[in-house]
Amino acid sequence: MIERTLVLLKPDAVQRALVGDIISRFEKTGLKIIGMKMVNADKETAGKHYADDAEWLKSVGAKTKKSYEAKGIKVAEDELTIGKRIRQQLMDFISMSPSVALCIEGHGAIDKVRVIVGSTAPSTAAPGTIRGDYSMDSYALADSSKRPIQNLIHASDSRENGVREIKIWFKENELYPYTRVDEGLLYRKGK
Ligand SMILES: Nc1ncnc2c1ncn2[C@@H]1O[C@H](COP(=O)(O)OP(=O)(O)OP(=O)(O)O)[C@@H](O)[C@H]1O
Ligand SMILES: [Mg+2]
């Protein structure tokens, strides 16, 4: 099924001049860029993007706890408290300097982009993924520095969030449907 996903090259990707390398990884798979712009997010955009949603905040806290517990470290704080703290750090980070926002379209785009991006903590992200290849940041380093994990990319995690997030970053007339020359092969129907 053709899907659209919101990808942000966060301030660390822009400051480290990795924009071109990262974008080419998406392009080469066959995924189609239908929107792209540089944005210095204001507080309102940051707050909408990192929504004050209890479910998401708890999931961020739960992943954090799991990563510490895997190393035998007990975390006393509850998931929601951890999630709220990280949300504030993320909002400050995304508005610190420009990001590049992309709207990417293709069959199964949501999952495919997240496979290319890799898992949340670059320290354990697989080689070959963007986070695994271009960063070594970790939960421990981020937490001890009181900042979010700098993992270069945000990518929508569901179709529903994709629709929500694209509306935050792009106006309808900033998205450009067109045909890629390789679509005839990729979406070719057999006899
Ligand atoms: N324990 C933590 N300490 C610092 N930053 C964190 C922590 N957990 C998550 N983050 C930051 O919060 C972001 C959102 O967390 P989430 O669990 O949604 O990760 P993700 O889905 O892999 O990444 P993203 O939502 O950015 O695509 C992460 O990308 C990371 O930058
Ligand atoms: Mg996420």
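Basis for what follows: all heavy atoms, side chains included, without hydrogens, waters or symmetry-related copies. As the structure lists them, so they are numbered: ligands from 1, and atoms in each ligand from 1.
Heavy atoms from other residues, nucleotides or ligands lying under 6.0 Å from NZ of Lys37 number more than 12.
With a heavy-atom cut-off of 4.0 Å, Asp143 touches ligand 1 through its side chain alone. Heavy atoms of Arg114 found under 4.0 angstrom from ligand 1 belong exclusively to the side chain. Only the backbone of Arg147 comes within 4.0 Å of ligand 1, judged by heavy-atom distances. Residue contacts with ligand 1 for Leu90 involve side-chain atoms from C-beta outward but no N, CA, C or O (heavy atoms, distance under 4.0 Å). Proximity of His49 to ligand 1, defined as any heavy-atom pair under 4.0 Å, is not found for any part of the residue.
In this structure, atom 22 (O) of ligand 1 lies nearest to the protein heavy atom Thr120 OG1, 2.5 Å. If you check which protein heavy atom lies closest to atom 29 (O) of ligand 1, you get Asn151 ND2, 2.7 Å. Looking from atom 2 (C) of ligand 1 to the surrounding protein, the closest heavy atom is Ile86 CD1, 3.2 Å. Looking only at heavy atoms of the protein, atom 27 (O) of ligand 1 is closest to Ala155 N, 3.2 Å. In this structure, the protein non-hydrogen atom closest to atom 18 (O) of ligand 1 is Trp56 NE1, 3.2 Å. For atom 15 (O) of ligand 1, the nearest non-hydrogen atom of the protein is Val60 CG2, 3.8 Å. Of all protein heavy atoms, the one closest to atom 4 (C) of ligand 1 is Ile149 N, 3.3 Å. Nearest to atom 1 (N) of ligand 1 among the protein's heavy atoms is Thr64 OG1, 2.9 Å.
Close approach of ligand 1 to Ile153 (heavy-atom distance below 4.0 Å) involves ligand atoms 26 (O). Numbered from 1 in the order shown, with element, the atoms of ligand 1 that lie under 4.0 Å from a heavy atom of Tyr139 read 1 (N), 2 (C), 7 (C), 8 (N). Close approach of ligand 1 to Lys10 is summarised as follows: ligand atoms under 4.0 Å from at least one heavy atom of the residue are 26 (O), 29 (O), 31 (O).
With hydrogens and angles ignored, the 3.5 Å screen pairs no side-chain donor or acceptor of Ser145 with any backbone N or O of Arg147. Between the side chain of Ser156 and the backbone N or O of Leu6, at least one donor-acceptor pair lies under 3.5 Å. At least one donor-acceptor pair under 3.5 Å links the side chain of Ser135 to the backbone N or O of Asp137. A donor-acceptor pair is defined here as one N or O able to donate and one able to accept, closer than 3.5 Å; such a pair exists between the side chain of Glu174 and the backbone of Lys171. A side-chain donor-acceptor contact under 3.5 Å links Glu3 to the backbone of Ile110.
We find that Lys146 and Asp92 are not joined by a salt bridge, their nearest charged nitrogen and carboxylate oxygen being 4.0 Å or further apart. Ion pair Lys32/Glu27 not flagged as a salt bridge, since none of the NZ, NE, NH1 or NH2 atoms sits closer than 4.0 Å to an Asp/Glu carboxylate oxygen. Taking a cutoff of 4.0 Å between a charged side-chain nitrogen and a carboxylate oxygen, Glu44 and Lys48 qualify as a salt bridge.
Close N/O approach between Arg131 and ligand 1 is found [any backbone or side-chain N/O within under 3.5 Å]. The N/O atoms of Gln89, backbone and side chain alike, include none that comes under 3.5 Å of an N/O atom in ligand 1.
For Lys10 and Phe93, the positive end is not near the middle of the six-membered ring at less than 6.0 Å and at most 45° from its axis.
Taking CD of Gln150 as the reference point, atom CG of Leu141 lies at 8.5 Å (rounded to 0.5 Å).
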